[in-house]
Engineer: 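Quick one: structure below, then a few questions.
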Amino acid sequence: GQNIDQPTEMTATEGAIVQINCTYQTSGFNGLFWYQQHAGEAPTFLSYNVLDGLEEKGRFSSFLSRSKGYSYLLLKELQMKDSASYLCAGGILTYKYIFGTGTRLKVLA
Amino acid sequence: DVKVTQSSRYLVKRTGEKVFLECVQDMDHENMFWYRQDPGLGLRLIYFSYDVKMKEKGDIPEGYSVSREKKERFSLILESASTNQTSMYLCASSLSENQETQYFGPGTRLLVL
């Protein structure tokens, strides 16, 4: 079947580094997306990994291992505004996307 | 910047009513999607469309229909609203037939009484 798993909730301190993991079991897997969603708002795109390895974008980095069915999102120098849900989504086939349930990150002062 | 707009942010309807949710994107995207988002369940695909007048069922199409008469507009229709359709509805669009980043609208929070 198609499945994406990520932790429900994480807590970290302002200025720290946090890693949000995502594992997937899908067929026809194309790549892995990460979205950020603040409470009551729409998800916004953060990153897309097709090839294995690390993609860095400022304070955010995303990693993919296709052989292990594993990805993570790394957030550095955490800020209060990073408190949000982080959605992991697998792109499968041509049009379809399978979303995880999201990881709610709380950043504490 | 891509802009995806949805007709309402909040909607309250009664059981049995016909409900129309409208979505418009302004970037000439080929693909449009309707999801619902529920706590603990994540985003689940209801329907998507890859061209005008073309539609495909997603994972949970029961109780819903869609219409895409123009490229920029994708409508979700609840033929006879039920309380279990109370949810957050998110519309999204993406550029082309290749796997592309999806851009989401602000969402419509629907309450069915």
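Numbered from 1 within each chain, the chains take letters A, B, ... in sequence-line order.
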Engineer: Could you look at I4(A) and say if it's the side chain, the backbone, both or neither that has a heavy atom under 4.5 Å from chain B?
Structural biologist: neither
Engineer: With hydrophobic residues grouped by side-chain heavy-atom distances under 4.5 Å, do L73(A) and L32(A) end up in a single group?
Structural biologist: yes
Engineer: What closest approach, in Å, do D59(B) and I98(A) show between heavy atoms, and which atom pair accounts for it?
Structural biologist: OD2-CD1, 4.4 Å
Engineer: Are F74(B) and V52(B) in one and the same hydrophobic cluster, where Ile, Leu, Val, Met, Phe, Trp and Tyr link if side-chain heavy atoms are under 4.5 Å apart?
Structural biologist: no
Engineer: Is it the backbone or the side chain of D38(B) that comes under 4.5 Å from a heavy atom of chain A, or both, or neither?
Structural biologist: neither
Engineer: Determine whether the aromatic ring centres of F33(B) and Y97(A) lie less than 6.0 Å apart.
Structural biologist: yes
Engineer: Please classify the contact of R9(B) with chain A as side chain, backbone, both or neither, using a heavy-atom distance under 4.5 Å.
Structural biologist: side chain
Engineer: Taking atom CZ of R44(B) as the centre, report whether more than 12 heavy atoms of other residues, nucleotides or ligands fall under 6.0 Å from it.
Structural biologist: yes
Engineer: Check for me, please, whether L110(B) and L41(B) land in the same ILVMFWY cluster - side-chain distances under 4.5 Å, paths through other members count.
Structural biologist: no
Engineer: Given the rule that I, L, V, M, F, W and Y join up when any side-chain heavy atoms are under 4.5 Å apart, are F33(A) and W34(B) in one cluster?
Structural biologist: no
Engineer: Looking at P106(B) and A42(A), what are the two nearest heavy atoms and their distance?
Structural biologist: CA-CB, 3.9 Å
Engineer: Give me the atom names and distance for the closest heavy-atom approach of P43(A) to L90(B).
Structural biologist: CD-CD1, 4.0 Å
Engineer: When you group the ILVMFWY residues by side-chain heavy-atom contacts below 4.5 Å and let the links chain together, are L11(B) and V24(B) in the same group?
Structural biologist: no
Engineer: Which answer fits L43(B), side chain, backbone, both or neither, if we ask what part of it has an atom under 4.5 Å from a heavy atom of chain A?
Structural biologist: both
Engineer: Do other residues, nucleotides or ligands put more than 12 heavy atoms under 6.0 Å from E17(B) CD?
Structural biologist: yes
Engineer: Between E56(B), Q37(B), Q6(B), Q102(B), who has the most heavy-atom pairs with chain A when the cutoff is under 4.5 Å?
Structural biologist: Q102(B)
